[in-house]
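Heads up: the structure comes next, in structure tokens.
Reminder, nothing fancy here: chain letters follow the sequence lines and each chain counts from 1. Just so it is clear, the model here is predicted, and its values are computed rather than measured.
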Amino acid sequence: MKHSQTTETDLWAYISKTVDKTTSKKVESWMASDAFDPKLFEEIKSIYDNTK
Amino acid sequence: MKIKPTSESNKEAKFSILFDKHYKKLYNYAFKILKEISISEELVQEAFIKLWENFETIKDSDRAIESFLIITLKNKIIDNYRKNKTREKHNKLYTLNVRLETEIDKEWELLQQIECIYTNLEQKTLNIFKLSRNEGLTYKEISIKNNISIKTVEFHISKALKVFRKGLKDYL
């Protein structure tokens, strides 16, 4: 699912700290924009935290 | 000199006078501390009941009777405070216990659900997801390790995330 060019997999890489620099910048730029979807971010973070 | 009513009716009459004389003062004292009409009335009544029960053993002087009533009422107020504190403590413990049980149950359900999702994921998707989640490998590292493209890795990660988001929608 695209979110202003940020995908779930971009977010997953960012949250799991396996992200490359380009994707990291893309995610951070998305987070600072109006397109930021906090619900999606929290969901992916929650999946990361709970699948430990 | 002790209070020595000559008969039961004398005792009642004497007690009635004492009741009228001291009730208001005692009630005001209790209410000032307790701020509750019914409990103030109840404790003052109990103080008078104790006076009635010990009527013959108390010195027949206003000072002694008033002192007896005040001390009894003070003790009743302290007992009441302790009972309330204990009740409050039990209520808090009960609430905490219920909340903990609910949290533990929910946590357990979540773990079960995650286990279920893992079991139902396609093997290849599961392997790739675990390499990312558990081994902390980047998409590029996974692609090299499995000899597949980064796009394929992303496809499987995305697939796993979709399943997790759907399966855990009540917990996220």
Side-chain angles (χ1 to χ4, degrees), chain A, chain B residues 102-146 148-172:
Chain A
M1 190 189 290
K2 288 270 180 180
H3 287 272
S4 187
Q5 297 179 332
T6 294
T7 62
E8 286 169 333
T9 48
D10 290 337
L11 267 180
W12 177 259
Y14 183 82
I15 288 164
S16 62
K17 298 182 177 67
T18 59
V19 73
D20 59 63
K21 278 184 184 171
T22 312
T23 312
S24 179
K25 279 183 183 172
K26 190 171 85 175
V27 172
E28 281 167 2
S29 157
W30 171 74
M31 286 169 74
S33 75
D34 291 341
F36 176 55
D37 181 349
K39 188 172 177 283
L40 175 68
F41 186 89
E42 282 307 315
E43 278 182 10
I44 303 295
K45 188 174 180 308
S46 229
I47 292 169
Y48 180 78
D49 292 339
N50 285 302
T51 49
K52 201 172 181 180
Chain B
T102 311
E103 277 174 21
I104 289 167
D105 287 348
K106 197 162 183 188
E107 191 66 26
W108 176 248
E109 275 178 35
L110 173 64
L111 289 175
Q112 296 285 93
Q113 187 64 13
I114 289 169
E115 198 55 48
C116 180
I117 291 170
Y118 270 137
T119 310
N120 290 312
L121 277 181
E122 191 189 316
Q123 194 58 47
K124 194 169 183 181
T125 304
L126 177 67
N127 291 342
I128 289 169
F129 183 80
K130 284 198 164 179
L131 285 172
S132 170
R133 178 62 190 91
N134 300 344
E135 306 294 322
L137 298 186
T138 64
Y139 297 159
K140 190 177 178 183
E141 287 167 337
I142 297 170
S143 76
I144 293 166
K145 191 177 171 77
N146 285 17
I148 52 177
S149 70
I150 292 177
K151 282 284 166 204
T152 306
V153 174
E154 287 179 345
F155 168 77
H156 284 286
I157 294 288
S158 175
K159 195 173 160 186
L161 289 174
K162 277 183 173 55
V163 176
F164 272 113
R165 286 181 69 199
K166 193 178 173 189
L168 301 180
K169 65 178 190 302
D170 293 334
Y171 304 92
L172 300 177

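When heavy atoms are compared at a cutoff of 4.5 Å, I157(B) approaches chain A by way of both its backbone and its side chain. Using a 4.5 Å cut-off between heavy atoms, I114(B) touches chain A through its side chain atoms alone. Contacts of E43(A) with chain B are made by both backbone and side-chain atoms, with heavy-atom separations under 4.5 Å. Contacts of L11(A) with chain B are absent, with no heavy-atom separation under 4.5 Å from either backbone or side chain. With a 4.5 angstrom heavy-atom cutoff, K45(A) does not touch chain B via any of its atoms. For I117(B), no part lies under 4.5 angstrom from a heavy atom of chain A.
The line from CG of L137(B) to OG of S16(A) is 10.0 Å long, rounded to the nearest 0.5 Å. To the nearest 0.5 angstrom, L131(B) atom CG is 11.5 Å from T18(A) atom OG1. The structure places CG of L168(B) at 6.0 Å from CD1 of I47(A), a figure rounded to the nearest 0.5 Å. One distance of note links CD of E154(B) with CG of D10(A); it measures 6.5 Å at 0.5 Å rounding.
Shown here for E8(A) and L161(B), the closest heavy-atom pair between the two residues is O-CD1, 3.7 Å.
Side-chain contact between T51(A) and F164(B): present, with at least one pair of heavy atoms (C-beta onward) separated by less than 4.5 Å.
Between the R133(B) side chain and the Y48(A) main chain, a donor and an acceptor come within less than 3.5 Å of each other. In this structure, Y139(B) contributes its side chain and T9(A) its backbone to a donor-acceptor pair below 3.5 Å.
F129(B) has its ring centre less than 6.0 Å from the ring centre of W12(A).
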